[in-house]
**Student:** 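Here it is: the structure, laid out below.
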Amino acid sequence: MKNKTVAAWLAFLGGPLGLHRFYLRGFGDALGWLLPIPTVLGLYGIERARHYGLDDGWSWVLIPLVGFTIAGCALTAIVYGLAAPEKWNARHNPQQPVDAQAGRTGWLTVGAVALALLIGTGVLMASLAFSFQRYFEYQIEEARRISQ
């Protein structure tokens with residue numbers, strides 16, 4: 001039986017590694033295996049920024065990938081946590097009655113949703129701010145280079 005609270009916490013904490021997908025759909029889930037790719041690329045971008053500085057073009061392209069992946073997984077945790085018990089059980093526990101315990105919302109589910117909303121929003125805003133800042137700085141540098 002697939003528990004909604006466990007799925008929400010896995011999406012929030014282990015989502016960038018695809019853990020929630022493996023929990024709900026098994027190890028044959030292709031998206032579960034693809035989710036670590038943007039996470040690793042984003043972490044590689046962070047390492048490039050530490051090594052080469054923020055002026056490295058690849059680092060400011062790669063860094064937002066990890067932020068957007070974390071934000072997307074936080075959104076998934078919110079969707080899982082706010083799912084109606086009947087819909088949850090019908091989709092993930094079809095052999096169980098619609099009012100089975102696995103689909104019910106408790107305080108741990110609410111905690112996962114609240115933390116996912118808090119952290120996911122912060123990471124998304126930081127990723128957008130970083131992306132736009134680097135993009136506009138790049139545009140200014142190119143304009144200066146062209147005007148000289």
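The structure displayed is predicted, hence computed values, not measured ones. Sequential numbering from 1 along the given sequence is applied to the chain's residues. Any value given below was found using the heavy atoms of this structure, including those in side chains, with hydrogens, waters and symmetry copies removed.
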**Student:** I'd like to know if Arg134 pairs up with Glu137 as an ion pair, taking the criterion as any Lys NZ or Arg NE/NH1/NH2 lying under 4.0 Å from an Asp or Glu carboxylate oxygen.
**Tutor:**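 Judged by the 4.0 Å cut-off on N to carboxylate O distance, Arg134 and Glu137 do form a salt bridge.
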
**Student:** Does the plane of the ring in Phe27 sit parallel, tilted or perpendicular to the ring in Trp33? Use 30° and 60° as the thresholds.
**Tutor:**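 The rings of Phe27 and Trp33 sit tilted, inter-plane angle from 30° to 60°.
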
**Student:** Between CE of Met1 and CD of Gln95, what distance do you get to the nearest 0.5 Å?
**Tutor:**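 Spacing of CE (Met1) from CD (Gln95) equals 8.5 Å.
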
**Student:** Using the benzene-type ring in the case of Trp, are the ring centres of Trp60 and Tyr135 under 6.0 Å apart?
**Tutor:**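 They do not qualify: ring centres at least 6.0 Å apart.
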
**Student:** Under 4.5 Å between side-chain heavy atoms, counting indirect links through other Ile/Leu/Val/Met/Phe/Trp/Tyr residues: same cluster for Trp88 and Leu19 or not?
**Tutor:**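 As far as the 4.5 Å side-chain criterion goes, Leu19 and Trp88 are connected within one cluster.
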
**Student:** Any donor-acceptor pair under 3.5 Å linking the side chain of Asn93 with the backbone of Gln96?
**Tutor:**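 Side chain of Asn93 to backbone of Gln96, a donor-acceptor pair under 3.5 Å: no, none is there.
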
**Student:** With hydrophobic residues grouped by side-chain heavy-atom distances under 4.5 Å, do Leu31 and Val79 end up in a single group?
**Tutor:**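 Leu31 does not cluster with Val79.
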
**Student:** Would you say that Ile119 contacts Phe12 through its side chain, given a criterion of any heavy-atom pair below 4.5 Å between the two side chains?
**Tutor:**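 Ile119 reaches Phe12 side chain to side chain.
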
**Student:** Determine, using the 4.5 Å side-chain heavy-atom cutoff (strictly less than), whether Phe130 and Leu43 are members of one ILVMFWY cluster.
**Tutor:**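 They do share one cluster, since a chain of ILVMFWY contacts under 4.5 Å joins Phe130 to Leu43.
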
**Student:** Check Ser59 against Ala49 and note the closest heavy-atom contact, atom names and distance.
**Tutor:**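 Taking Ser59 first and Ala49 second, the nearest heavy atoms are CB-N, 3.7 Å.
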
**Student:** Using atom types as modelled and distance alone, determine if a side-chain donor or acceptor of Thr39 lies under 3.5 Å from a backbone N or O of Pro16.
**Tutor:**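 A pair under 3.5 Å: yes.
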
**Student:** Could you pull out all donor-acceptor pairs under 3.5 Å where a side-chain atom in residues 2-9 meets a protein atom, sequence neighbours excluded?
**Tutor:**
| unit_1 | atom_1 | unit_2 | atom_2 | d |
| --- | --- | --- | --- | --- |
| Lys2 | NZ | Tyr23 | O | 3.4 |
| Asn3 | OD1 | Thr5 | N | 2.7 |
| Asn3 | OD1 | Val6 | N | 3.4 |
| Lys4 | NZ | Ala83 | O | 2.7 |
| Lys4 | NZ | Gly103 | O | 3.1 |
| Lys4 | NZ | Thr105 | OG1 | 2.5 |
| Thr5 | OG1 | Thr109 | OG1 | 2.3 |
| Trp9 | NE1 | Leu108 | O | 3.0 |

**Student:** Nearest 0.5 Å, what's the CD-CZ distance between Glu86 and Arg91?
**Tutor:**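 The CZ atom of Arg91 is 15.5 Å from CD of Glu86, to the nearest 0.5 Å.
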
**Student:** Is the shortest heavy-atom distance from the side chain of Tyr52 to the side chain of Trp58 under 4.5 Å?
**Tutor:**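 Not in contact.
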
**Student:** I need the Arg48 CZ to Ile46 CD1 distance, nearest 0.5 Å.
**Tutor:**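 Answer for the CZ-CD1 pair, Arg48 versus Ile46, is 13.5 Å.
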
**Student:** List, one per line, each side-chain donor-acceptor pair under 3.5 Å for residues 61-78, sequence neighbours excluded.
**Tutor:**
| unit_1 | atom_1 | unit_2 | atom_2 | d |
| --- | --- | --- | --- | --- |
| Thr69 | OG1 | Leu65 | O | 2.7 |
| Thr76 | OG1 | Gly72 | O | 2.9 |

**Student:** Hydrophobic clusters here meaning ILVMFWY residues chained together by side-chain heavy-atom distances under 4.5 Å, can you tell me if Tyr80 and Trp107 are in one?
**Tutor:**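 The answer is no; the residues belong to distinct hydrophobic clusters.
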
**Student:** Quick one: do Leu124 and Leu82 end up in the same hydrophobic cluster if we chain Ile, Leu, Val, Met, Phe, Trp and Tyr together by side-chain heavy atoms under 4.5 Å apart?
**Tutor:**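 They do not share one cluster, since no chain of ILVMFWY contacts under 4.5 Å joins Leu124 to Leu82.
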
**Student:** Can you tell me if Arg50 has over 12 outside heavy atoms packed within less than 6.0 Å of its CZ?
**Tutor:**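 No - once you tally the heavy atoms of other residues, nucleotides and ligands closer than 6.0 Å, there are 12 at most.
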
